Amino acid sequence: MKHRKLDNSELERPDIEAVQYMERHAIHVVLDNIRSLNNIGSVFRTADAFMVAHIHLCGITAKPPHRDIHKTALGATESVPWTYWGETKQAIEALKSQGVQIWAVEQAEGSTNLQHWQNPTGAAVAFVFGNEVKGVAQNIVDLCDGVLEIPQHGIKHSLNISVSAGMVLWEAFKQFGPSKD
């Protein structure tokens, strides 16, 4: 079987106006003091792909418009709603007041491995991704309802945040589904 690569015009993607009216999944992303603007842009792009409800940019995390965010987001900063918070704790408290379940993506005692995570009720969830060096701050982990861990077996102790976000958001997207196929 031969596979012909599809042209962008064949993908039937909505335009920026149409996406504003599309139903989004009840998934939030909280970026806890992310340093890399490329990582921020990548998370925006992934959030766009999986129809994430909102991105919460916190602390030192840069916000659009910024050339380096735009370079990797490729316009997703226009299609995914976002809010900037001076402190991550503010975002967590606001989400909790709306009944959103908060999950830190971190290595911690008592964590749930990503492949075992379930959201059977379809409740709104937020995933907190931490600083590239320090991870999710402990005071933020303490505020979360649970901790998700991505199992790793190599010598490194962490994954790049954009990779982690892709894995976690894909898992959440599958549970909120359905996809087009």
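Just so you know, residue 1 is the first one in the sequence shown, and it goes up from there. Model, not experiment: these values are computed from the prediction.
- Ring orientation note: the planes of Phe44 and Trp82 are nearly perpendicular, at an angle over 60° on the 30°/60° scale.
- Side-chain atoms of Ser111 never come within 3.5 Å of backbone atoms of Leu148 as a donor-acceptor pair (strictly under, hydrogens ignored).
- Listed for the Thr61 side chain is a donor-acceptor partner under 3.5 Å among the backbone atoms of Leu31.
- If you check the side chains of Asn160 and Ser162, you find a donor sitting under 3.5 Å from an acceptor.
- The aromatic rings of Phe173 and His25 sit perpendicular, their planes meeting at an angle over 60°, well past the 30° parallel limit.
- For Asp142, the side-chain hydrogen bond (donor to acceptor under 3.5 Å, both in side chains) partners two or more places apart in sequence, or in a different chain, are Gln138.
- Checking side-chain atoms of Asp68 against main-chain N and O of Asn38 turns up no donor-acceptor pair under 3.5 Å.
- Between the side chain of His28 and the backbone N or O of His56, no donor-acceptor pair lies under 3.5 Å.
- No donor-acceptor pair closer than 3.5 Å links the side chain of Thr88 to the backbone N or O of Asp32.
- Identified under the ring pair (Phe, Tyr, Trp, His ring centres under 6.0 Å) test for residues 118-146, with sequence neighbours left out: Trp117-Phe127.
- Within a 6.0 Å radius of CD in Glu23, no more than 12 heavy atoms belonging to other residues, nucleotides or ligands are found.
- With rounding to the nearest 0.5 angstrom, the CD1 atom of Ile150 is 5.5 Å from the CG atom of Leu159.
- The existence of a salt bridge linking Lys96 and Glu93 is excluded, since no basic side-chain nitrogen approaches an acidic carboxylate oxygen closer than 4.0 Å.
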